[in-house]
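Beneath this line is the structure, given in structure tokens, with notes to follow.
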Amino acid sequence: MPQGPAPQDPGREDNPDRVPLWPEWMDDPAYLALRAADEDPGDLDLEDPDDDPPPDAGDGELAAEAAQVIAAQERAAAVMARLGLTAAMAADAAAAMGRRGPGMPGSAASFPGVYASRASGFGSGKPLDTAPGCLTLGQFAEEAAGDDDRYPGAGDDELAGVICAWDRVEAYASSRKHAAVAELIRRRPAEGCVPTGPAQMPEACDEFTARELGPVLGESRAAAEDMLSLAQQLEVNLPGTRAAFRAGILNQRKAAIIASATAVLDPAEARAAEALVLGRAGALTPPGLRAAIGRAVMEVAPGKAKQRREDAARRTRVERWAEGSGNAGLAGRELPPAQVLAADQRVTAWAKELRKAGVEGGMDALRARAFLDILLGMDSRPPGSRADGTRQPRDPAQDAAPAPAPPAGGPLAGMIPPGFAGHVTLTIPAATLTGRADRPGELGSIGPVDPGLARDLAAAAARNPRSTWCVTVTDRDGHAVGHGCARPARRRKPDGHDPPLTLTPTDQADPQSGYGTWRFTTGQQDLLIEIGPIPAGECDHRWQARGHDPGVMLRHLTEVRNATCTGPGCRRPAKRCDFEHNVPYEAGGRTCLCNGNPKCRHDHRLKQNPRWNAEQLPGGYIRWTTPSGRQYVTEPTRYPI
């Protein structure tokens, strides 16, 4: 029996301000009596039966365990404070730190108000699902992973939240790495460059800085130069992108896309351009962001965008490289956009001839074969399918009109092949088309084009009587709300000059809404365009088809509203997609704008997967639900406005 004075009772009455070492039920007389008799207390009417101590735990063990719990709670509070979460959010996140240890009562069960998984705080809308990227967030994610990275007890939604959290942590770490690279630039200024501006950055760094940085990271010089360039841009020109990068809203790839596109701008222009895309940059795929920031640069500084295109055209080249598979690649870079489109059409046309002749393979393989045929003057059609019955190679485009020679001393970027507009759809804002504003246009399959090139392309199309014309009316967000295709009104006699393009309302047109009949004057003819509404809310079913297949106009309108596949992140052109019924036709679904949208074959099959769900909302929005329960909404195409 221990000698000496009895220790002070650590209970509540003697220490009212002290955190208790055990719950109130341990002072319950019934429990103490049963413990004295060494009997099982059974199910007492206690506030928290999950707080039962483990069998044979002594007072010392209980005190040590309680101290550990208190310390853990204090650490959690400190972590929550570092994350900048509110008290209510902190309570949820603290509960998410984990359930009780192995062998403890309640460790294998879930109770109301008790989180069952260490990943619970990463569920949709929970504090850790919305917390910015930081090392502390990584600590929570590491705790949720468990010793074997199997995330015990985590549901699919929680696991998706953890993946997103790691992505933000990765972006945060990358942003801090680039901040360190920026400090390296400060310490390696080029000769004659002194730190300037709020960021105290030199205009350029020493030319060998990349050679210093590359070996440290095991990267090539080109990769090191890209890192230096991004660090410079983030510090000097793009504070908004830098902040979004640090918070994990943007990853390194997206930050680099913005930095590359705005490299030709001065700091004020770069900040104006990034402001046009930052609100949705995190949700855009890299190709979508590249198109959006490219268009923004053209809006902010159309002259510089044009100059960059012309400067890059002087670096036009054909690249050859070895594929990782052992095959090879061949591509032209910095080529004239219109000629690229015309060449692409030529390749596709010959690929279709190969398919008609029985050459096996999908369209990608046939286009690759056609590409080589045209370059090498070959004919890959089987001998029996040729008119002459020979195996002699020939130029598949021998009957095509020869392309004009490049103008002496002029940049390749200025060349527009004759007749190209007979095969493309060019979407240009009316103000740009008539020269009233410098806003970017859209060249089918290529993307945004600067205003000067857009007008040149439109003028070239006007000279071709085979050109087809459509007009799309957009709302203030650039979504299509009206559309019409032209029909001939009268032919014009060529007089040796190109009159300006004009679009004027007739007495049956409403200039405010854009709906009605308009007269469109081109260089060769006058056209009438009947513009009708594309429903943004309730559908009037005016274009509904009776059968399974859509009519020509219905399919065309769905492709106008959604110019690309409506799958999440997919940018395959709508013309190469299926017309997909959201509610299957066999189940009573309409063949109509309100129930049809373009989906590539992959996303068509994805939608049919029972673990996925796609719901068409009014106006062409598609709400996707993944197997984890997360939802993403794809919006209709945003046209230049």
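Numbering starts at 1 and runs along the sequence shown.
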Quiz item: Which pair of non-hydrogen atoms, one from Ala270 and one from Leu238, has the smallest distance, and what is that distance?
Solution: O-CD2, 3.9 Å
Practice problem: Hey, could you give me the CZ/CD1 distance between Arg290 and Ile258, rounded to the nearest 0.5 Å? | Solution: 11.5 Å
Practice problem: Check whether the side chains of Asp373 and Ser380 place a donor and an acceptor atom closer than 3.5 Å, and report yes or no. | Solution: yes
Practice problem: Report yes or no: does Trp624 contribute a side-chain atom to a donor-acceptor pair with the main-chain N or O of Thr566 at less than 3.5 Å? | Solution: yes
Quiz prompt | salt_bridge(Arg314, Glu310) N-O dist < 4.0 Å | solution = no
Practice problem: May I ask you to decide if Ala480's main-chain N or O and Thr474's side chain share a donor-acceptor pair within less than 3.5 Å? | Solution: no
Practice problem: State plainly whether the residues Arg309 and Glu334 are in salt-bridge range, i.e. N to O under 4.0 Å. | Solution: no
Self-check item: Reported CE-to-CG distance for the pair Met201 and Leu234, which is rounded to 0.5 angstrom
Solution: 9.5 Å
Quiz item: Nearest 0.5 Å, what's the CH2-CG distance between Trp321 and Leu330?
Solution: 7.0 Å
Exercise. Mind checking the OG1-CZ spacing from Thr209 to Arg221? Nearest 0.5 Å is all I need.
Key: 12.5 Å
Practice problem: Answer yes or no: is there a donor N or O on one side and an acceptor on the other, between the side chain of Thr262 and the main chain of Leu265, under 3.5 Å? | Solution: no
Quiz item: If we ignore angles and hydrogens, is there a donor and acceptor under 3.5 Å between the side chains of Glu274 and Thr241?
Solution: yes
Practice problem: Take Asp344 and Arg367, measure what salt bridge (Lys or Arg N to Asp or Glu O under 4.0 Å) needs, and give me the verdict at the end. | Solution: CA-CA 9 Å; Asp344 183 72; Arg367 277 171 46 84; 2.7 Å; yes
Exercise. Without swapping roles, check the side chain of Glu580 against the backbone of Asn597 for a donor-acceptor pair under 3.5 Å.
Key: no
Quiz item: Asp578 pairs by salt bridge (Lys or Arg N to Asp or Glu O under 4.0 Å) with which of Arg601, Lys599, Arg572?
Solution: Arg601
Practice problem: Might you confirm whether atom NZ of Lys306 has over 12 heavy atoms from other residues, nucleotides or ligands at distances under 6.0 Å? | Solution: no
Quiz item: Using 4.0 Å as the upper bound for N to carboxylate O, is an ion pair formed by Glu319 and Arg317?
Solution: yes
Quiz item: Between CD of Glu299 and CD of Glu269, what distance do you get to the nearest 0.5 Å?
Solution: 13.5 Å
Quiz item: Less than 4.5 Å apart, any side-chain heavy atom of His483 and any of Cys485?
Solution: yes
Quiz item: So, Arg242 side chain and Ser175 main chain: donor-acceptor pair closer than 3.5 Å or not?
Solution: no
Practice problem: Decide side-chain contact (heavy atoms from CB on, under 4.5 Å) for Leu354 and Arg369; before the verdict, give the C-alpha distance in whole Å, the side-chain angles of both, and the deciding distance to 0.1 Å. | Solution: CA-CA 9 Å; Leu354 296 179; Arg369 184 68 261 166; 3.8 Å; yes
Exercise. Could you tell me whether a side-chain N or O of Thr564 sits under 3.5 Å from a main-chain N or O of Pro573, the two making a donor and an acceptor?
Key: no
Quiz item: Between Arg571 and Thr285, is any side-chain donor less than 3.5 angstrom from a side-chain acceptor?
Solution: no
Self-check item: Non-hydrogen atoms of Pro636 and Asn562 that approach each other most closely
Solution: CA-ND2, 3.4 Å
Quiz item: Got a second to check how far Leu278's CG is from Leu289's CG, nearest 0.5 Å?
Solution: 9.0 Å
Exercise. Taking all heavy atoms of Ala281 and all of Lys254, pick out the closest pair and write down the distance.
Key: O-NZ, 3.5 Å
Practice problem: Determine yes or no for a side-chain-to-main-chain donor-acceptor pair under 3.5 angstrom, with Tyr639 supplying the side chain and Val560 the backbone. | Solution: yes
Practice problem: Please answer whether the main-chain N or O of Arg253 pairs with a side-chain N or O of Asn251 as donor and acceptor at a distance below 3.5 Å. | Solution: yes
Exercise. Check the side chains of Arg176 and Tyr172 for a donor-acceptor pair under 3.5 angstrom, ignoring hydrogens and angles.
Key: yes
Self-check item: His178 backbone acceptor or donor facing Glu235 side chain under 3.5 Å
Solution: no
Exercise. Locate the shortest heavy-atom distance separating Cys570 from Cys600; write the atom from each residue and the value.
Key: SG-SG, 3.9 Å
Quiz prompt | Candidate list His556, Arg555, Arg561, test side chain to side chain donor-acceptor pair (under 3.5 Å), partner Glu559, passing option | solution = Arg555
